[in-house]
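Data first, discussion second: the structure below is written as structure tokens.
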Amino acid sequence: MELDFILSKEEEKPTGKTELIYDLVIIGGGPAGMTAAVYAARKRLKTLLITKDLGGQVLWTAEVENYMGYQYIEGRQLVNKFKEQVRHFPIDQEIGEEVEKLSKEGEIFSILTRGGKKFRGKTVIIASGKKSRSLNVSGEKRLIGRGVSYCSICDAPFFEGKEVAVIGGGNSAFEAALDLVKIAPKIYLIDIASSWSADPVLLEQIEKEKKVTSFPRHKVKEIKGDDRVESITIEPLDGGQIKSLSVQGVFIEIGLVPNSEFAASLVKLNQAGEVAVDCSNHTSIPGLFAAGDVSSVPEKQIIIAAGEGAKATLTAHQYLLRSR
Amino acid sequence: MALLKDEVQNEARERFKKLTGQVRLVNFTQKIECHYCEETRRLIEEIASLSPKISSKIYNFTLDKEKAQQYKIDKIPAVVVEAEKDYGIRFFGIPGGYEFNSFISAIYDVSRKATDLSVESKDKISKIDKPVHIQVFVTLTCPYCPAAVEMAHKLALESEYIISDMVESAEFPHLVSKYGVMGVPKVVINEEFGFEGALPETSFVEEVVKASKSTTEAKDEG
């Protein structure tokens, strides 16, 4: 492995003020939230940005080749560029915080964080993105960190010489499998769909690997093991025989779910759990807007999320002007 | 050739402008049979050259035994980030990859002798009156890990009873197997307690307080 030193851009920012009523509170610090923040600062809105991290999913994206202005850039470098742009503006920030509950009291939104802080805003943009989807099978939760992993780049090194399963059929599952090929003697690739959704380039690479055994159209029934993962039980969708595969690691790469629970009792979500928006980022609640992957906007792309974030702030600004 | 690329050096310099007090990086190393010892030593010297507020001291792990004992260093490469006093902040293995963030963050906090933990957390930590040893296992490719390491080190800075180690998994396989690490970040508190994943501040502090109360016997005195 090439030795690399990664230092993210950071600057001390004023933290959130509980006594203030902000013009705009942005929940989430990915491309949508960060762009929304820049637009808000330029409109001179009193703005608070609440986020678990700055960068969101882009932080875990190795390479970006479709964000205009950069033919090729690493995800974390792009995040640094975004941060650099945000840090020129006076925006209050609560970094490392997650929102527990969003509610509306009269005309004012109330935002309660996991850390127990309560902030208020005249308008809110939900830009909280998505997180890894879990399988919801027996053994999965209990064995996290004991063989079950949702981050193959983090945890793959612990599975040298071990047999592993990768669950999923998309690009991230295939990339995880290709990563594991370097260290694991046997890799089972399991997905519920009948055809892989990964890019053809990755498909070709996987097909060449003798260490990889594929099980399309198979459902994971259970992950077994006392103190650590010992096996995984899978069942063919067409009703064939249930198989038990002996593995020490299970890498779950089955896509993402929107981070919208904190707003579920307030705003209308679509079937996928995304915050339903119109083409100007309005939600079902006046003064509440949504942008990026957490919203129902079609296509989840960095450049689209950034554009949606800008749009959401401009709409929120209009709303504030009208309600004055 | 420098280990740190120009842009990383520039960003570090930018951050070091806000250092207030002197920081000393104490490095334990040896020439042979140590993966990344050489690189860690070079890294420490490069970082010290980026700010007049940072100095470095290199000790030989085998020859400077007394110093190693004084700092309770039992494996290398090791770096202690200290000021006039030793706060119990340690990095075992090279703080490279994503972990470079937690290293710079430790320098920053130690220089300012302050953390940004909440008043409530500081209050809880101040009530700890038994030795607590926190080990945070990481890999250098783990974007979630620095948050856990930074949290542990902030706790060490706030309490004279807390010692906190970053442990780079690839360099210490015997500890990986001893503690059964299969996913990172993994936090081990006083040998017997621990959790997987990066917890938010309030829960992290609670886990440490809980462990400090349940520990009957001090394992890391001093």
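Below, read A as the first sequence line, B as the second, and so on, with proteins coming before strands; counting in each chain starts at 1.
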Q: Measure up the B:Phe103 and B:Phe100 rings against each other and bin them: parallel (under 30°), tilted (30 to 60°), perpendicular (over 60°).
A: tilted
Q | Sequence-distant partners of B:Glu201, salt bridge (Lys or Arg N to Asp or Glu O under 4.0 Å), two or more places apart | A | none
**Q.** Geometric cation-pi criterion A:Lys101 and A:Phe262, 6.0 Å radius, 45° cone
**A.** no
(Q) Quick check on the interface: out of A:Val148, A:Ile6, A:Asp53, who has the most heavy-atom pairs with chain B under 4.5 Å? (A) A:Ile6
Q | A:Asn259 backbone acceptor or donor facing A:Ser128 side chain under 3.5 Å | A | yes
Q: For A:Glu261, enumerate each residue passing the salt bridge (Lys or Arg N to Asp or Glu O under 4.0 Å) test, keeping only those at least two apart in sequence or located in another chain.
A: A:Lys131
Q.
I need the residue from A:Arg114, A:Gln248, A:Arg228, A:Glu97 with the largest number of non-hydrogen atom pairs under 4.5 Å to chain B.
A. A:Arg228
Q. Any salt bridge between B:Arg15 and B:Glu11, counting N to O under 4.0 Å?
A. yes
Q) Between B:Val176 and chain A, which part of the residue has a heavy atom less than 4.5 Å away: side chain, backbone, both or neither? A) side chain
Q.
So for B:Pro95, is it side chain, backbone, both, or neither that comes closer than 4.5 Å to the heavy atoms of chain A?
A. backbone
Q) Which bit of B:Leu3 is near chain A, if near means a heavy-atom gap under 4.5 Å: side chain, backbone, both or neither? A) both
Q | Per-residue contact mode, B:Glu120 against chain A (heavy atom under 4.5 angstrom) | A | neither
Q) With respect to chain A, which residue among B:Gly183, B:Cys142, B:Gly97 yields the maximal number of heavy-atom pairs within a distance under 4.5 Å? A) B:Gly97
Q. Counting heavy-atom pairs under 4.5 Å to chain A, which of B:Gly96, B:Ala12, B:Pro143 comes out on top?
A. B:Pro143
